[in-house]
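Notes for the one structure printed next.
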Protein chains: 2
Amino acid sequence: MTRHGAMPDPARKDSPRGEETRTLILDTAEAMFVERGYSGVTMRALTAEAGVNLAAVNYHFGTKDALLLEVFRRGSLSINRERARRLHAVEAAAGNRPPAVRDILRALFEPPLRATFHSRRASSEGSAGGSSIYMQFVARAVLDGPPQMRALIERDVTHLERFVEALSRALPDLPREDLLWRFHFAMGALHSIYHDLRRLDALSGGACDLGDVDATIDRVVDFAAAGLQD
Amino acid sequence: MTRHGAMPDPARKDSPRGEETRTLILDTAEAMFVERGYSGVTMRALTAEAGVNLAAVNYHFGTKDALLLEVFRRGSLSINRERARRLHAVEAAAGNRPPAVRDILRALFEPPLRATFHSRRASSEGSAGGSSIYMQFVARAVLDGPPQMRALIERDVTHLERFVEALSRALPDLPREDLLWRFHFAMGALHSIYHDLRRLDALSGGACDLGDVDATIDRVVDFAAAGLQD
DNA sequence: GTCTATACTTAGATAGAC
DNA sequence: GTCTATCTAAGTATAGAC
């Protein structure tokens, strides 16, 4: 059922491609899920686009749901690595003093908001200027993905705990329960950026520029910092 | 295809029940969607539970998607009526002066957070103390409902515009673009309460009490008010 | 106008050939 | 390791009973 760790000789160049097919499917799924959503992508359309057989997805990933989870996992891994790196840098720069709340929030918010995926167009709308494909993918995946998907995202909190601890040190007088609630609301503000994107567009009549990532990061950091510090 | 406004004599008591079946389906769908999510409820399970024929849903609502939308519409209608009523009361109480930001936010946040649905258990966990079934339904419906569902929620902003205007009067020095962004983040904080519910539970190790509606309302109002006012 | 039995269509999963 | 053929489940459509 699940994939095995062992592999045959990867140097062969003929038809059975092994790992190549797997990666090809992941990249194709990634791109198509962003565009059409999870349920909008049928296995038949996906495998046709990737140029592989219908059954290849089941062979490599088991189910369509498992494929989605794998795409998410691959993306979130790099996001969380970057978050950890940024937090570490901020803490190192602050020396013995706790870092500023704003700097901690930046380390938390910037990586997902700037993230793009591995696929083709990564170069055309890279980190500067374009909107985050990753956030769009997660929003869509949570939107109409399987229940497992939500559970996975919601329970994947270990990397967030380090940020809660950092904020706790920066706001030593704030009771822990208050801090956790406010942290939760701050994450809600972050997710709202792409999750309810069209609502802002509708409310503002298009006046709010959703494409300016730098300005958006500033705004959400300001908002969350104010709410956290009371 | 769509339902007609005209109805036959409603006094008849025999088998063709007309409107009754429609309501029965709505109530059953409402309860089951909350428990199992949209895609977790098959038409066959739903109609079996309601004791109606499989095709009855198609007859009364057209499609499964349309049924979900109707359940949502029925719920959101009463929420938005209550919101408008509360805003009106707050503005009347303030006289000629603009109301306090907190009071406006309360009028916006309380109705959805207190809302329960029409179905059976409404009495057992009424408005005081229990958690909002409506918010859970919306979270799940957005979660794995059809794309239309998201579009409907996101675009249904006319009732929100009155709140933006009220906040604009309460915060006359805040540029409109800033206000809209912050309002958007505030809505994100509200939605986070039930949307990413399990994350807070996981982060706090169960220490944050999600069942205390009054306390939760206070918290999210405080957070949003701080963020809005800078 | 309302409901039911039944058939149709699509899509994900799987077994076995190669 | 890959692909074809097939199975099952689920949403939808329709014809006809009442």
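Computed over heavy atoms, backbone and side chain alike; hydrogens, waters and symmetry mates excluded. Letters A, B, ... are given to chains in the order of the sequence lines, protein chains preceding strands, and every chain is numbered from 1. On a predicted model such as this, the values are computed, not experimentally measured, just so you know.
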Handout entry: Any residue meeting salt bridge (Lys or Arg N to Asp or Glu O under 4.0 Å) with B:R85, in chain and number order, not counting sequence neighbours
Key = B:E82
Exercise for the section: With sequence neighbours excluded, tell me which residues meet salt bridge (Lys or Arg N to Asp or Glu O under 4.0 Å) with A:E161. Expected result: none
Exercise for the section: For A:D218, enumerate each residue passing the salt bridge (Lys or Arg N to Asp or Glu O under 4.0 Å) test, keeping only those at least two apart in sequence or located in another chain. Expected result: A:R106
Exercise for the section: Would you please name every residue forming a ring pair (Phe, Tyr, Trp, His ring centres under 6.0 Å) with A:F185, sequence neighbours left out? Expected result: A:W181, B:F223
Problem - A:H60 side chain near D:dT2 phosphate (N/O to OP1/OP2, under 4.0 Å) - result: yes
Practice task
In whole angstrom, give the distance that lies between atom CZ of B:R22 and atom P of C:dG1.
Solution key: 15 Å
Problem - Short side-chain donor-acceptor distance under 3.5 Å, A:Y38 and A:D65 - result: yes
Problem - Residues that A:H159 engages under side-chain hydrogen bond (donor to acceptor under 3.5 Å, both in side chains), provided they are two or more places apart - result: A:N80, A:R83
Practice task
Take atom OH of A:Y59 and atom P of D:dG1, then tell me their distance rounded to the nearest Å.
Solution key: 4 Å
So which protein N/O to nucleotides 8-12 of chain D N/O distances come out below 3.5 Å?
residue: D:dG11; atom: OP1; partner: B:K64; partner atom: NZ; Å: 3.0
residue: D:dG11; atom: OP2; partner: B:M43; partner atom: N; Å: 2.7
residue: D:dG11; atom: N7; partner: B:R44; partner atom: NH1; Å: 2.7
residue: D:dG11; atom: N7; partner: B:R44; partner atom: NH2; Å: 3.4
residue: D:dG11; atom: O6; partner: B:R44; partner atom: NH2; Å: 2.8
residue: D:dT12; atom: OP2; partner: B:K64; partner atom: N; Å: 2.9

Exercise for the section: Return the value, rounded to whole Å, for the distance between atom CZ of A:F61 and atom C1' of D:dG1. Expected result: 15 Å
Problem - Integer-rounded Å distance: D:dA17 C1' and B:N53 CG - result: 12 Å
